Engineer: 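Can you keep this structure in mind? I'll have questions shortly.
Just so it is clear, the model here is predicted, and its values are computed rather than measured.
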Amino acid sequence: MPQGTPAPARPCHDCDGFASAKVTTGGRDRHGHLHTATAHCPTCRGTGTRPARRREVARV
């Protein structure tokens, strides 16, 4: 019996698939490493994808 293949993940329209970014805060620690903060896309919550739209089936 044939198996259906799942729909491919679609990139988020707001972040174009780049869901997380590291932002430097400007400071350094005593070892010389930059202090960073991670910012996630609020629409996809950091996944980079959006769910496929649900297709409506026309009733006859």
Engineer: Can any side-chain N or O of T49 pair as donor or acceptor with the backbone N or O of R10 at less than 3.5 Å?
Structural biologist: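 No, T49 side chain to R10 backbone: no donor-acceptor pair under 3.5 Å.
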Engineer: If you apply the rule side chain to side chain contact (heavy atoms under 4.5 Å, CB included), what do you find for C15 with C44, and how did you get there?
Structural biologist: CA-CA 8 Å; C15 66; C44 64; 3.8 Å; yes
Engineer: Would you compute the distance between atom CZ of R45 and atom NE2 of H40 and round it to the nearest 0.5 angstrom?
Structural biologist: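 These two atoms lie 12.5 Å from each other.
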Engineer: To the nearest 0.5 Å, what is the distance between CG on D29 and CG on L34?
Structural biologist: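 Separation between the atoms: 8.5 Å.
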Engineer: Heavy atoms, side chains only, cut-off 4.5 Å: are P11 and D16 in contact?
Structural biologist: no
